[in-house]
Enquirer: 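Sending over a structure as structure tokens; questions will come in a sec.
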Amino acid sequence: MLLIDVVRVSEAVTRTSARLGKVGHLAELLGRVGPDEAEIAIAYLSGELPQRQVGVGWRTLQEPPPPKLAATATLTDVDARLTRIKAVSGPGSQAVRKDLVTALFAALTSQEQSFLTRLLAGELRQGALDGVMIEAVAKSSGAPPADVRRALTLRGWLPAVGAAALAGGVEALRAFRLEVGRPVAPMLAGSAPDVATALQKVGAPAALEWKLDGVRVQAHRSGDDVRVFTRTLDDITAQVPELAEAVLGLPHLDLVLDGEVIALHDDGRPQPFQITGARVASKLDVAALRETTPLSVFFFDVLRLDGRDLLDLPYEQRHEILARAVPPALLTPRLVTDDAGKAQEFFTDVVRSGHEGLVVKALPSPYAAGRRGAGWIKVKPRHTLDLVVLAAEWGHGRREGKLSNLHLGARDPDTGGFVMLGKTFKGLTDQLLAWQTERFLELADGPTDGWTVVVRPELVVEIAFDGVQRSPRYPGGMALRFARVLRYRPDKRADEADTVETVRSLML
DNA sequence: TTCCGACAGTGGGGTCGCAAT
DNA sequence: ATTGCGACCCCACTATCGGAA
């Protein structure tokens with residue numbers, strides 16, 4: 001199959017707003033792709049690469065060579081070239097990679113170049129990713145969507161699942177099994193503003209578990225072999241030896257556990273996420289790092305034990321099995337209750353102990369991986385500040401032509417100026433985007449690089465955020481974590497905004 | 001007919017490893 | 001030694017579609 005066939009379908013998908021219409025376009029293409037190219041087509045049309053990543057990003061794709069006029073590239077050819085690009089390494093590799101990318105793009109039409117650029121940059125923007133492709137695979141193969149989804153949970157990679165479905169239908173999908181050593185798509189949590197709302201969503205009684213601000217891990221053990229995977233299914237076994245040792249210390253030779261690793265202080269309080277994140281990301285000198293920054297692990301679920309797959313069991317039963325298989329010190333602190341008061345008290349406790357919040361879990365829910373379903377709901381405390389808009393950046397995609405990303409500042413009473421604490425584009429409705437675009441252009445002040453519009457610091461905006469972290473980037477040495485807009489405060493002047501001192505007092 | 005769950009899109013701060021400067 | 005780049009940890013929120021109620 002030619003790349004242009006895929007590109008044309010992608011363009012049709014982009015033009016179609018209805019999801020069923022998108023599914024129709026995708027399914028039609030899946031109906032005519034050959035078995036040897038099915039995986040590539042499914043990957044490309046769901047925003048993935050068969051290679052997962054190839055070391056080529058947005059920057060490398062600037063200034064493409066002149067396009068060809070005739071589309072001749074096949075999926076197999078493009079895929080083989082990307083495999084070669086991924087394999088390049090060592091001194092001189094950047095130039096070699098750039099040359100290979102240039103040669104690849106020189107063989108493409110401008111339509112194909114545009115598609116591949118967006119695909120490599122991870123910004124397909126056709127309004128269809130995994131969720132829509134699951135439906136398309138189902139439609140084209142004749143298998144129920146639930147079977148496709150189920151196989152994806154177990155296999156963790158839609159192109160492989162889709163290709164199997166197209167070749168072997170529902171039988172092939174039902175042949176997928178949890179395989180120890182190969183990661184399962186992790187179950188994700190929705191969110192709620194408070195514990196009472198979360199309890200209402202999942203039903204009482206419910207389990208409340210501490211939400212630790214670390215890195216999600218899925219640990220697989222087969223005999224003496226342990227593998228550890230992240231939420232995106234990357235293998236981090238080598239970075240977390242403490243975890244492998246903990247799992248090898250358990251009396252079960254065959255198991256799959258779900259949990260969180262986190263760096264703690266000696267008193268058990270959590271280190272800032274930056275510390276845990278840096279520790280887990282470090283591959284060099286892990287032996288020295290584990291002395292200075294040891295990791296602790298806490299499990300909250302079990303997906304397999306001694307030859308038995310447990311995903312379909314109710315959470316309550318899985319947890320009973322977990323609690324028998326794992327010593328209490330390795331279990332995530334937890335409370336089962338139907339009492340809203342006790343639940344609230346548990347939330348207060350976990351926050352006071354320095355942790356992130358709670359995950360509220362429905363007792364009957366199976367391990368429905370990969371969906372932010374209603375089974376698990378996270379609850380975190382929320383801080384707010386009144387900050388001043390210092391500048392705004394032009395948006396992309398559906399925010400094209402709108403000033404979107406806000407630069408936020410706190411008041412500095414010493415200088416009479418403002419100290420930037422980060423940016424946010426979150427929480428804005430279309431109406432608010434339109435209003436602020438107009439307003440900022442009135443307030444525009446100073447030179448613009450065509451990207452950022454600096455404004456007179458007059459507008460006060462109420463910002464919600466999860467915490468204040470150390471920043472090497474911003475002048476105050478601190479930045480807001482997960483900042484989002486709640487509302488503008490027309491009733492407040494800039495000289496009534498919160499101060500850097502107030503922000504600093506929150507950084508602990 | 002209205003409601004609500006699932007999905008895609010829009011980007012945020014921080015850190016690491018590697019190659020280039 | 002520092003910088004640029006790609007990748008990947010953590011993530012919140014809104015708009016939209018279409019099935020459920």
Side-chain angles (χ1 to χ4, degrees), chain A residues 13 16-23 46-47 52-61 88-98 120-135 149 188-191 193 201 212-217 230-234 236 239 260-262 272-284 356 370-374 378 380 382 393 395-400 402 404-408 421-433 463-474 478-486:
Chain A
V13 168
T16 308
S17 66
R19 274 218 289 278
L20 293 178
K22 291 175 189 284
V23 168
S46 56
R52 292 200 69 184
Q53 72 287 101
V54 295
V56 174
W58 183 82
R59 200 56 212 263
T60 314
L61 300 168
V88 176
S89 68
S93 63
Q94 274 187 18
V96 174
R97 182 179 290 116
K98 181 86 209 239
L120 287 167
E123 300 174 341
L124 194 54
R125 291 174 173 153
Q126 62 176 14
L129 295 169
D130 266 16
V132 175
M133 182 57 86
I134 285 170
E135 300 291 328
R149 201 173 280 280
L188 305 175
S191 59
K201 279 192 181 184
L212 305 173
D213 192 11
V215 172
R216 180 84 176 265
V217 286
T230 64
R231 194 172 90 73
T232 51
L233 313 188
D234 290 289
I236 55 163
Q239 288 107 289
E260 190 94 358
V261 287
I262 183 171
F273 172 75
Q274 285 153 299
I275 302 293
T276 297
R279 167 60 215 274
V280 171
S282 294
K283 297 179 178 184
L284 307 174
E356 198 179 9
R371 311 184 80 171
R372 289 190 189 274
K378 60 187 162 187
K380 299 191 283 187
R382 193 188 75 176
E393 296 172 16
H396 299 87
R398 70 183 303 282
R399 291 190 178 189
E400 184 97 48
K402 297 286 189 300
S404 171
N405 201 2
L406 307 181
H407 295 201
L408 304 169
L421 294 170
K423 310 179 188 181
T424 185
F425 53 89
K426 296 169 182 163
L428 297 162
T429 61
D430 287 0
Q431 207 179 5
L432 211 45
L433 281 165
I463 298 294
F465 60 100
D466 277 22
V468 182
Q469 56 191 2
R470 287 189 178 285
S471 171
R473 176 185 315 211
Y474 289 108
M478 38 187 195
L480 302 183
R481 189 159 181 224
F482 308 140
R484 60 269 190 190
V485 173
L486 290 181

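Quantities reported herein were computed from a predicted structural model and do not represent experimental measurements. Within every chain, numbering begins at 1; the chains are lettered A, B, ... in the order of the sequence lines, protein sequences first and strands thereafter.
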Enquirer: Name the pairing partner of B:dT1, where a pair is Watson-Crick or G-U wobble with both distances under 3.5 Å, or state none.
Expert: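 Looking at the geometry, B:dT1 pairs with C:dA21.
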
Enquirer: For A:Gly277, report the nucleic acid contact type (base, sugar-phosphate, nothing); a contact means any heavy atom under 4.0 Å.
Expert: nothing

Enquirer: Using a 4.0 Å heavy-atom cut-off, does A:Val485 contact any base of the nucleic acid, only the sugar-phosphate backbone, or nothing at all?
Expert: nothing

Enquirer: Heavy-atom count around A:Arg52 CZ within 6.0 Å, excluding the residue itself: above 12?
Expert: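 Yes, CZ of A:Arg52 has more than 12 neighbouring heavy atoms, counting only those of other groups under 6.0 Å.
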
Enquirer: Mind checking A:Val217 for me? I need base, sugar-phosphate or nothing, with any heavy atom below 4.0 Å counting as a touch.
Expert: nothing

Enquirer: Between A:Arg399, A:Lys402, A:Arg484, which is the residue that forms a side-chain contact (heavy atoms from CB on, under 4.5 Å) with A:Leu428?
Expert: A:Arg399

Enquirer: Side chain of A:Arg125: nearest nucleotide among B:dG9, C:dA12, B:dG13?
Expert: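 Between B:dG9, C:dA12, B:dG13, the one nearest the side chain of A:Arg125 would be B:dG9.
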
Enquirer: Just N and O in the side chain of A:Arg398: are any of them under 4.0 Å from OP1 or OP2 of B:dG9?
Expert: no

Enquirer: Report yes if a side-chain nitrogen or oxygen of A:Ser471 is closer than 4.0 Å to either non-bridging phosphate oxygen (OP1 or OP2) of B:dG14; otherwise report no.
Expert: yes

Enquirer: State which of B:dG11, C:dG4, B:dG12 makes the closest approach to the side chain of A:Arg59.
Expert: C:dG4

Enquirer: Base, sugar-phosphate, or nothing: which does A:Gln126 touch, judged by heavy atoms less than 4.0 Å apart?
Expert: sugar-phosphate

Enquirer: Rounded off to whole Å, could you give me the CZ-to-C1' distance for the A:Phe273 and B:dG13 pair?
Expert: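 Going from CZ in A:Phe273 over to C1' in B:dG13 covers 10 Å.
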
Enquirer: Ignoring backbone atoms, test whether A:Lys380 places a side-chain nitrogen or oxygen under 4.0 Å from the OP1 or OP2 oxygen of C:dA12.
Expert: yes

Enquirer: For A:Thr429, which contact category applies under a 4.0 Å heavy-atom criterion: base, sugar-phosphate, or nothing?
Expert: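 A:Thr429: backbone/sugar contact only, no base atoms under 4.0 Å.
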
Enquirer: Which of these nucleotides, C:dC8, C:dC11, B:dA6, is closest to any side-chain atom of A:Thr232?
Expert: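 For the A:Thr232 side chain, the nearest candidate turns out to be C:dC8.
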
Enquirer: Between A:Thr60 and C:dC5, does any side-chain N or O lie under 4.0 Å from OP1 or OP2?
Expert: no

Enquirer: With a 4.0 Å limit, can you tell me whether A:Arg149 has a side-chain N or O closer than that to the phosphate oxygens OP1/OP2 of B:dC7?
Expert: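 Looking at the OP1 and OP2 atoms of B:dC7, one of them is under 4.0 Å from a side-chain N or O of A:Arg149.
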
Enquirer: Could you please name the option among B:dT15, B:dG13, B:dG9 that lies closest to any side-chain atom of A:Ala278?
Expert: B:dT15

Enquirer: Would you say A:Lys283 reaches B:dC18's phosphate, i.e. side-chain N/O to OP1/OP2 under 4.0 Å?
Expert: no

Enquirer: What is the distance from NZ of A:Lys98 to C1' of B:dA19, rounded to the nearest Å?
Expert: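 The distance from NZ of A:Lys98 to C1' of B:dA19 comes to 15 Å, rounded to the nearest Å.
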
Enquirer: Only one of A:Arg481, A:Arg382, A:Lys380 clears salt bridge (charged side-chain N to carboxylate O under 4.0 Å, His left out) with A:Asp466; which?
Expert: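 Among A:Arg481, A:Arg382, A:Lys380, the one meeting salt bridge (charged side-chain N to carboxylate O under 4.0 Å, His left out) with A:Asp466 is A:Lys380.
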
Enquirer: Tell me if a side-chain donor or acceptor on A:Lys378 pairs with a main-chain N or O of A:Ser191 at a distance below 3.5 Å.
Expert: no

Enquirer: For B:dG13, does either OP1 or OP2 sit under 4.0 Å from a side-chain N or O belonging to A:Arg473?
Expert: yes

Enquirer: Side chain of A:Phe425, heavy atoms from C-beta onward: which of B:dG11, B:dC7, B:dG14 has the nearest atom to it?
Expert: B:dG11

Enquirer: Write down the distance between NZ (A:Lys423) and P (B:dG12), rounded to a whole number of angstrom.
Expert: 5 Å

Enquirer: Nearest whole angstrom, please: distance from the C1' of B:dA6 to the CG of A:Leu20.
Expert: 13 Å

Enquirer: Looking only at side-chain N and O atoms, does A:Asn405 come under 4.0 Å of OP1 or OP2 in B:dT10?
Expert: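 So the side-chain polar atoms of A:Asn405 never come under 4.0 Å of the phosphate oxygens OP1 or OP2 of B:dT10.
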
Enquirer: By the 4.0 Å heavy-atom rule, please label A:Thr276 as base, sugar-phosphate, or nothing.
Expert: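 Counting heavy atoms under 4.0 Å across all strands, no contact is made by A:Thr276.
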
Enquirer: Could you walk me through whether A:Val485 and A:Ile463 pass the side-chain contact (heavy atoms from CB on, under 4.5 Å) test, one step at a time?
Expert: CA-CA 5 Å; A:Val485 173; A:Ile463 298 294; 4.0 Å; yes

Enquirer: Can you check the A:Gln274 CD to C:dC10 P distance for me, whole Å?
Expert: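 About 14 Å, once rounded to whole Å.
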
Enquirer: Start at the 5' end of DNA chain C and walk down; is the nucleotide closest to A:Arg216 or to A:Leu428 reached first?
Expert: A:Arg216

Enquirer: Look at all strands and tell whether A:Ala128 reaches a base, only sugar-phosphate, or nothing, counting heavy atoms closer than 4.0 Å.
Expert: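 Counting heavy atoms under 4.0 Å across all strands, the contact made by A:Ala128 is with sugar-phosphate only.
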
Enquirer: Given atom CH2 of A:Trp58 and atom C1' of C:dG4, what is their separation to the nearest angstrom?
Expert: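 In whole Å, C:dG4 C1' and A:Trp58 CH2 are 12 Å from each other.
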
Enquirer: Just to be sure I understand the rule, does A:Val132 reach a base, reach only the sugar-phosphate, or reach nothing, if contact means heavy atoms closer than 4.0 Å?
Expert: sugar-phosphate

Enquirer: Closer to the 5' end of DNA chain B via nearest nucleotide, is it A:Arg19 or A:Ser89?
Expert: A:Arg19

Enquirer: Rounded to whole angstrom units, what separation is found between the NZ atom of A:Lys402 and the C1' atom of B:dG11?
Expert: 17 Å

Enquirer: Between B:dA20, C:dC13, C:dG18, which nucleotide has the shortest distance from any of its atoms to the side chain of A:Ala18?
Expert: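 Minimum distance to the A:Ala18 side chain belongs to C:dG18.
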
Enquirer: On DNA chain B, nearest-nucleotide positions of A:Leu124 versus A:Gly90: which is more 5'?
Expert: A:Leu124

Enquirer: For A:Arg484 and B:dT10, what is the distance between atoms CZ and C1' respectively, to the nearest whole Å?
Expert: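 After rounding, the reported distance stands at 16 Å.
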
Enquirer: With heavy-atom distances below 4.5 Å as the criterion, would you say the side chains of A:Asp213 and A:Thr276 are in contact?
Expert: no

Enquirer: I want to check one thing: is the phosphate of C:dC8, taken as OP1 and OP2, less than 4.0 Å away from some side-chain N or O of A:Gln53?
Expert: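 Answer yes for this pair, as a side-chain N or O of A:Gln53 is under 4.0 Å from OP1 or OP2.
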
Enquirer: Treating A:Arg97 as the side-chain partner and A:Thr60 as the backbone partner, does any N or O pair qualify as donor plus acceptor under 3.5 Å?
Expert: no

Enquirer: Let me spell it out: for each of A:Leu120 and A:Asp430, pick the nucleotide of DNA chain C with the closest heavy atom. Which residue's pick is nearer the 5' end?
Expert: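 Its nucleotide being nearer the 5' end, the pick is A:Leu120.
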
Enquirer: Scan A:Ser17 against the nucleic acid and name what it touches under 4.0 Å (heavy atoms): base, sugar-phosphate only, or nothing.
Expert: sugar-phosphate

Enquirer: When you look at NZ of A:Lys98, are more than 12 heavy atoms from neighbouring residues, nucleotides or ligands closer to it than 6.0 Å?
Expert: yes

Enquirer: Distance check: side-chain N/O of A:His396 vs OP1/OP2 of B:dG9, anything under 4.0 Å?
Expert: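 No.
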
